[in-house]
K.L.:
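I have a structure here, written as structure tokens, and I will follow up with some questions on it.
Numbers here simply count residues along the sequence, with the first being 1.
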Amino acid sequence: MSTTPEHREIVVGVDPVREGGLAPAWAADEAHRRGLALRLVVAVPPPHDTQHVDDTPRHQAGTRRGQDALRAAADLVRARQPDVHVGSALVDGFPATVMAGMAQRASMTVLGSRHLSRTEEFLSAGSLVLPVTAQARCPVVVVGDAEHITHDPPHLVVGVDGSESSRAALAFAFEEADLRRCAVRAVAVWQPPVFTLHTGDTLFHAERRLLSETTAGWAEKYPDVRLTHEVLIGSPVELLAGAAEHALAVVVGRRGRGGYTGMRVGSVVHGLLHRAHCPVITVPAG
């Protein structure tokens with residue numbers, strides 16, 4: 001993941017409604033690994049435009065909660081990684097809009113997950129993960145609400161399908177694994193076609209060959225990163241979530257078009273955000 005002088009910080013969305021420091025903690029460790037600064041952000045929605053109810057007290061209470069949440073997150077980061085430069089910003093605006101804007105200039109964006117239903121993601125004012133993931137120009141990391149159990153040796157899972165965004169995900173996974181001194185498990189998922197002129201064995205072996213060829217160059221570039229790769233048969237979301245059950249994170253490329261203008265999140269990304277227990281890292285095409 002290359003960075004330019006104006007993209008030298010990791011932006012973290014801090015949720016003042018729900019307590020928990022997993023996202024700031026994850027981001028602090030990542031900033032330490034990459035030598036980047038950290039910016040903690042709370043967005044406070046504007047008062048409701050109404051002729052009957054004065055919403056100013058609610059907005060002021062939200063501002064106070066945001067300030068308290070930023071102080072708590074900053075204290076956590078400084079205690080965990082004292083060498084990381086940490087700044088904070090309390091911004092008036094809707095969280096999704098604010099964070100999507102900041103994600104255009106960041107090196108990485110880290111969010112917590114509220115585990116909204118699919119309907120809530122599109123209709124709720126609290127929806128944040130989907131629109132930010134869809135619009136960001138940098139990798140977006142979604143950290144779950146609870147710690148998950150990892151297995152030795154530590155490893156990252158990366159989904160590979162031959163697309164441009166999947167190649168970007170593979171590049172990020174190897175870079176991240178090199179920083180973490182962990183292994184990479186590259187997974188391609190093959191869904192047998194309903195109608196085809198070729199035999200299943202022929203198509204399956206072609207998929208295995210594509211996966212091997214796609215990963216070969218990166219294995220040579222990062223010789224210290226242990227690589228395994230495999231082709232699984234079935235549903236991409238179910239199998240990738242299962243493969244990543246005890247991984248440090250699952251890395252996937254962002255592809256597809258969502259249900260409204262400007263959204264570009266593929267069904268696999270959308271499904272993993274609901275199913276995966278480990279952090280989900282979505283990488284846009286380079």
K.L.:
Between R254 (side chain) and G266 (backbone), is there a donor-acceptor pair under 3.5 Å?
P.N.:
no
K.L.:
Kindly indicate whether the side chain of P284, heavy atoms from C-beta on, has any atom under 4.5 Å from the side chain of S165.
P.N.:
no
K.L.:
Measuring from L40:CG to L38:CG, what's the distance to the nearest 0.5 Å?
P.N.:
5.0 Å
K.L.:
Using modelled atom types and a 3.5 Å cut-off, is there a donor and acceptor pairing between side-chain atoms of E238 and backbone atoms of G234?
P.N.:
no
K.L.:
Assess whether salt bridge (Lys or Arg N to Asp or Glu O under 4.0 Å) is satisfied between E176 and R34, documenting all intermediate values.
P.N.:
CA-CA 9 Å; E176 183 74 7; R34 293 181 177 271; 2.7 Å; yes
K.L.:
side-chain contact (heavy atoms from CB on, under 4.5 Å) for L111 and V143? Distances and angles first, verdict last.
P.N.:
CA-CA 6 Å; L111 305 171; V143 183; over 6 Å; no
K.L.:
How far apart are the closest heavy atoms of G112 and V129, and which atoms are they?
P.N.:
O-CG2, 3.6 Å
K.L.:
Between the main-chain N or O of R208 and the side-chain N or O of S212, is there a donor-acceptor pair closer than 3.5 Å?
P.N.:
no
K.L.:
Do you know which two heavy atoms are closest between P24 and A73, and how far apart they sit?
P.N.:
CG-CB, 4.2 Å
K.L.:
Minimum heavy-atom separation for R275 and V237, please, with both atom names.
P.N.:
CG-CG1, 4.0 Å
K.L.:
As an exercise, state the distance from CZ of F174 to CG of L227, rounded to the nearest 0.5 Å.
P.N.:
4.5 Å
K.L.:
Apply salt bridge (Lys or Arg N to Asp or Glu O under 4.0 Å) to R33 and E30, showing your working.
P.N.:
CA-CA 5 Å; R33 277 189 289 268; E30 189 69 8; 2.7 Å; yes
K.L.:
With rounding to the nearest 0.5 angstrom, report the SG to CG distance, C182 to D224.
P.N.:
12.5 Å
K.L.:
Strictly distance-based, threshold 3.5 Å: is any side-chain N or O of R181 a donor or acceptor partner for the main-chain N or O of A177?
P.N.:
no
K.L.:
Could you walk me through whether L240 and V187 satisfy the side-chain contact (heavy atoms from CB on, under 4.5 Å) test, starting with their C-alpha distance in whole Å, then the side-chain angles of each, then the deciding distance to 0.1 Å, before giving a yes or no?
P.N.:
CA-CA 7 Å; L240 280 172; V187 176; 3.9 Å; yes
K.L.:
Starting from I233, can I reach V160 by hopping between I/L/V/M/F/W/Y residues whose side chains sit under 4.5 Å apart?
P.N.:
yes
K.L.:
Apply side-chain contact (heavy atoms from CB on, under 4.5 Å) to L90 and Q67, showing your working.
P.N.:
CA-CA 7 Å; L90 185 71; Q67 292 169 338; 3.7 Å; yes
K.L.:
Would you please classify the geometry between the H274 ring and the H270 ring as parallel, tilted or perpendicular, with 30° and 60° separating the classes?
P.N.:
tilted
K.L.:
State, to 0.1 Å, how close T109 and C138 come at their nearest heavy-atom pair, and which atoms those are.
P.N.:
OG1-SG, 3.4 Å
K.L.:
State, yes or no, whether a side-chain contact exists between V184 and H155 at a heavy-atom distance under 4.5 Å.
P.N.:
no
K.L.:
Strictly below 4.0 Å, N to O, side chains only: are R71 and D68 in salt-bridge contact?
P.N.:
yes
K.L.:
With a cut-off of 6.0 Å (strictly less than), are more than 12 heavy atoms of other residues, nucleotides or ligands near NE2 of H229?
P.N.:
yes
K.L.:
At their closest point, which heavy atom of L156 faces which heavy atom of A173, and how far apart are they?
P.N.:
CD1-O, 3.6 Å
K.L.:
Enter the distance from T133:OG1 to L272:CG here, rounded to the nearest 0.5 Å.
P.N.:
11.5 Å
K.L.:
Does the pair E230 and R185 meet the rule for a salt bridge (Lys or Arg N to Asp or Glu O under 4.0 Å), with working shown?
P.N.:
CA-CA 8 Å; E230 60 189 311; R185 180 184 178 188; 2.4 Å; yes
K.L.:
Have a look at E9 and tell me which of R105, R39, H85 forms a side-chain hydrogen bond (donor to acceptor under 3.5 Å, both in side chains) with it.
P.N.:
R39
K.L.:
Would you say V252 ends up clustered with L210 if hydrophobic residues are merged whenever their side chains have heavy atoms under 4.5 Å apart, either directly or through other cluster members?
P.N.:
no
K.L.:
Would you indicate whether the side-chain heavy atoms of V12 and V41 approach each other to under 4.5 Å?
P.N.:
no
K.L.:
Just verifying a value: how many Å separate S88 OG and L70 CG, rounded to the nearest 0.5 Å?
P.N.:
5.0 Å
K.L.:
Is there a side-chain contact (heavy atoms from CB on, under 4.5 Å) between F172 and M108 once you walk through the steps?
P.N.:
CA-CA 11 Å; F172 179 91; M108 179 184 293; 3.7 Å; yes
K.L.:
Hey, what do you get for CG (D161) to CH2 (W190), rounding to the nearest 0.5 Å?
P.N.:
15.5 Å
K.L.:
Among T97, V98, D92, exactly one meets side-chain contact (heavy atoms from CB on, under 4.5 Å) together with F94. Which residue is that?
P.N.:
T97
K.L.:
Evaluate the side-chain proximity of V91 to M102: yes if any heavy-atom separation is below 4.5 Å, no if none is.
P.N.:
yes
K.L.:
More than 12 heavy atoms of other residues, nucleotides or ligands under 6.0 Å from CZ of R226: is that the case?
P.N.:
no
K.L.:
Grab the two heavy atoms, one from A285 and one from A168, that are nearest each other, plus how far apart they are.
P.N.:
CA-CB, 4.2 Å
